[in-house]
Every structure is written in structure tokens, then in C-alpha cells.
Number of protein chains: 2
Amino acid sequence: MGHGLTRGRLAADAGVNLETVRYYERVGLMPEPDRTSGGHRDYRPEHRQRLVFIRRARELGFSLDDIRALIALSEPGRRTCAEVEPIAAAHLFAVRAKIEDLRRLEMVLDDAVGRCAGGTAPSCPVIEVLGGR
Amino acid sequence: MGHGLTRGRLAADAGVNLETVRYYERVGLMPEPDRTSGGHRDYRPEHRQRLVFIRRARELGFSLDDIRALIALSEPGRRTCAEVEPIAAAHLFAVRAKIEDLRRLEMVLDDAVGRCAGGTAPSCPVIEVLGGR
DNA sequence: CCTTGTTCCTGTAGTGGCTACAGGTTGCAG
DNA sequence: CTGCAACCTGTAGCCACTACAGGAACAAGG
């Protein structure tokens, strides 16, 4: 009955899990599509574009709240850059902080694991780092 | 009535949220302590040591499942290193993978934000990266 | 037209690792 | 003995999904 895309097709096309589509609709990230006479969702190409947008933004680590804002700002007729930049810059900042955190923790782990590899010591360097015994 | 530590005291000493202590007990990471006559938890120093262990392991990014294993392996009388090393090494591997992911994404973001800063362009590089318009 | 099998529908519950709240009891200091 | 802080329990919420159960609709083959 529908002449557009089914939910399964849309999800596959955009590279997103089937259930995730319904979730995005529920939280207001995806607009409610038309329905077939039988009640099945009937998507159009703009839905696919929107879903790909969301997927890419998620891959870049933006939160769903950020993505809501980015979607609003990507509507035609907006002078976007000035409004988009702070969101992206804040996220970039957070990403860099996360990298720093992980690097510090990589060093501690690497050191402990390196000393661990030695052999059958009576106490383990990894456990020691954690304050055990 | 209790001559040990209260939950609040334990949590503060170990640098952990009050409610988190109860949560760790619920999921079997912290042993159930004795109770006062009135039903309040009454912790002893070994509880604090355990909680600090958990907190440090969390800071290093270990999952609660990993931590359960590490705790078991940190019991006295275990020849730990050979058994601890694979857990820590696997985690180190995951941390490095995460750093790689974040670095890739940092580059994409940095590039887009850099081009964004330019000014009042008609279309925004960040939005373009995401496939919008 | 009818059957078959896949996809879809809805609502709900679970994941990890907490955190927060409500409504009530206990502990302790003044 | 009063007052209030800290505790008690159970439960719900957070994020971003993912999975399931029980049933209806759709597309293709006979």
C-alpha cells in the first residue's frame, strides 16, 4: 500500500538498528511519518536524509540533545555557522578532555601490565595499583 | 551503638557517593556489613579498603564485572599475576581502541570547527559534514 | 483467492552504573 | 527530651539504545 520506505528499509539504508528508528521517533528526533492503511510507517526520502544526519552526528559523539539543536539549525534559511560553532566547539573540547583522561589511564595500565608480564611474582602490580594488599 | 563506620562516613572516606555504596552492596561488589541494633550499617576498615579498591578500578575504567574478577583474584593466597594480566591487558587494548576512535573524531571535528570559525558563510561546514543540505 | 512466511505493529522491560527522591526511623548532641 | 542530621527501604529516573512477546499486515507463490 505504501509507496515510500518501510521502517526496516529506512533503517537498513541509514545503517541504523530497526528499533532505534522507533526510539528516535518517540524522543522527537524523527518526525512521525504517514501510515499505510494498515498502520505501517511509510517513510519518504527526507526521512532517510534526517536519519543519516543523526547517525553521523552520533558517530561524531554528539548527544541527542545536541543533535536536536543541530537539526533545528540545519533548517534552510538559518544563518547557521555562528550558532552551530559553539555546540561543535564545546563537543570538541569534551572529546579532547576525554582523550586526555584515557591517555593518562593508558599510561598507568600500560605500566602495571608491563610489570605484570614478568612472571609469577608473589604480588601483582595491577592489584597493587588498585591498593589491594 | 555501632563502633565502626557509618555508610556516610565510609562513602566520604573512600570518595564515593553515598548511594553508590548501597548500589555496590546490591550488585554484590561490597559485602553486607553488620548492622547496629537499630538497623544501620556498621562498616569496618576492610570495607573501606575494598571500596577504595573499587573506586580506583573504576577510575581506571574497569567494568564492575572486571572488578568482581579482580577482587576475587586479589584475595590472599592466589597466584594473581597470570590471571590478572589478561583482564588488564584486554582493558588496555579497549582503552587504546577508544583513544583511536576519539582521535579520528577529534580530527573531523577540529577541521569542521576550524572552517566554521570563518564567519557568516551561507552554509556551515559542521552541518555539511553531517550531510545536511 | 489462499496460504505462507516475513515484516511490521504496540507496549514494555532490560542494559550499565549510578543518582535521586519520598516517607519513615534511628542516633546523638545539647 | 527535643530537635535535627543521618540513616533506613523501595522505587524511579538518567542516557541511548536493544530486545522481546503477542498479534496484525503485507508480498509472493501456487
Side-chain angles (χ1 to χ4, degrees), chain A residues 1-30 32-43 47 50-51 53-71 91 94-95 98 101 105, chain B residues 1-30 32-43 47 50-51 53-71 91 94-95 98 101 105:
Chain A
M1 279 296 188
H3 27 344
L5 304 104
T6 64
R7 180 157 61 98
R9 195 75 221 285
L10 177 78
D13 278 14
V16 158
N17 181 289
L18 175 67
E19 295 295 325
T20 303
V21 176
R22 205 154 61 94
Y23 171 71
Y24 285 162
E25 185 180 317
R26 195 150 54 83
V27 299
L29 269 175
M30 286 293 289
E32 293 186 30
D34 289 343
R35 300 286 184 130
T36 65
S37 54
H40 286 200
R41 289 172 181 80
D42 189 21
Y43 293 99
H47 289 102
R50 157 84 56 116
L51 190 52
F53 184 99
I54 296 170
R55 199 211 62 207
R56 291 206 189 134
R58 286 294 300 142
E59 282 170 1
L60 290 178
F62 286 101
S63 71
L64 297 190
D65 268 358
D66 279 348
I67 295 171
R68 250 183 287 273
L70 292 174
I71 286 170
H91 181 49
V95 167
K98 188 84 197 168
D101 280 0
L105 165 173
Chain B
M1 277 297 186
H3 23 336
L5 304 105
T6 64
R7 180 156 61 101
R9 196 71 220 287
L10 178 78
D13 278 14
V16 159
N17 181 289
L18 175 66
E19 295 295 325
T20 303
V21 175
R22 206 153 63 92
Y23 171 72
Y24 285 162
E25 185 180 317
R26 192 150 56 81
V27 300
L29 269 176
M30 286 292 290
E32 294 185 31
D34 291 342
R35 300 288 184 130
T36 65
S37 54
H40 287 201
R41 289 173 180 81
D42 189 20
Y43 292 99
H47 288 102
R50 158 85 56 116
L51 190 52
F53 184 100
I54 297 170
R55 198 210 66 209
R56 291 207 190 131
R58 286 296 299 141
E59 282 170 1
L60 289 178
F62 285 101
S63 71
L64 297 190
D65 268 359
D66 280 347
I67 295 173
R68 249 183 288 273
L70 292 175
I71 285 169
H91 181 50
V95 166
K98 188 82 198 173
D101 279 0
L105 164 174

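Here the structure is a predicted model, which is why all the values come from computation and not from measurement. Lettering of chains follows the sequences in order, A, B, ..., and the numbering in each one begins at 1.
Look at Thr6(B) and you won't find any side-chain N or O under 4.0 angstrom from OP1 or OP2 of dA6(D). For the OP1/OP2 pair of dC9(C) and a distance below 4.0 Å, the side-chain nitrogens and oxygens of Arg41(A) include at least one atom meeting the criterion. In this model, the phosphate group of dT19(C) is approached by a side-chain N or O of Thr20(B) to a distance below 4.0 Å at OP1 or OP2. A close approach under 4.0 Å does not occur between any side-chain nitrogen or oxygen of Arg35(A) and OP1 or OP2 of dA25(D). Within the structure, a side-chain polar atom (N or O) of Thr36(A) is placed less than 4.0 Å from OP1 or OP2 of dC26(D). Using a 4.0 Å cut-off, no side-chain N or O of Arg7(A) falls inside it from OP1 or OP2 of dT7(C).
At least one donor-acceptor pair closer than 3.5 Å links the side chain of Asp42(B) to the backbone N or O of Gly4(B). Side-chain N or O atoms of His91(B) include one that pairs as donor or acceptor with a backbone N or O of Leu60(B) at under 3.5 Å.
The side chain of Arg22(A) lies closest to dG11(C) when the candidates are dG11(C), dT7(C), dC7(D). The side chain of Glu19(B) approaches dA20(C) more closely than any other nucleotide in the set dG27(C), dA20(C), dT18(D). Taking the side chain of Tyr23(A) as heavy atoms from C-beta on, and the options dT26(C), dA16(D), dA25(D), the nearest nucleotide is dA16(D). If you check dG17(C), dC7(D), dA19(D) against the side chain of His40(B), the one that comes closest is dC7(D).
At a threshold of 4.0 angstrom between heavy atoms, the contacts of Tyr24(A) are confined to the sugar-phosphate backbone, with no base atom among them.
If you measure from atom CG of Leu10(A) to atom P of dC9(C), you get 11 Å, rounded to the nearest angstrom. As rounded to whole Å, 12 Å separates atom C1' of dC14(D) from atom CG of Asp65(A). The CG-C1' distance, from Leu51(B) to dG17(C), rounds to 14 Å in whole Å. The distance between atom CG of Asn17(B) and atom C1' of dA6(D), rounded to the nearest whole Å, is 14 Å. Between Asp42(A) atom CG and dC9(C) atom P there is a gap of 10 Å when expressed in whole angstrom units. Straight-line distance from the CD atom of Glu25(B) to the P atom of dC7(D): 14 Å, rounded to whole Å. dG27(C) atom C1' lies 16 Å from atom CZ of Arg9(B), rounded to whole Å. Across the protein-nucleic acid pair, Arg26(B) atom CZ and dT9(D) atom P stand 12 Å apart, rounded to whole Å.
The neighbour count for Arg35(B) CZ, taken as heavy atoms of other residues, nucleotides or ligands under 6.0 Å away, is above 12.
With Arg7(B) as the partner, the side chain to side chain contact (heavy atoms under 4.5 Å, CB included) test is satisfied by one option alone out of His40(B), Glu19(B), Glu25(B): Glu19(B).
Both Leu18(A) and Gly38(B) sit near DNA chain C, but only Leu18(A) has its closest nucleotide nearer the 5' end.
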Salt bridge (charged side-chain N to carboxylate O under 4.0 Å, His left out) between Lys98(A) and Asp101(A): does it pass, once the steps are laid out? CA-CA 5 Å; Lys98(A) 188 84 197 168; Asp101(A) 280 0; 5.6 Å; no

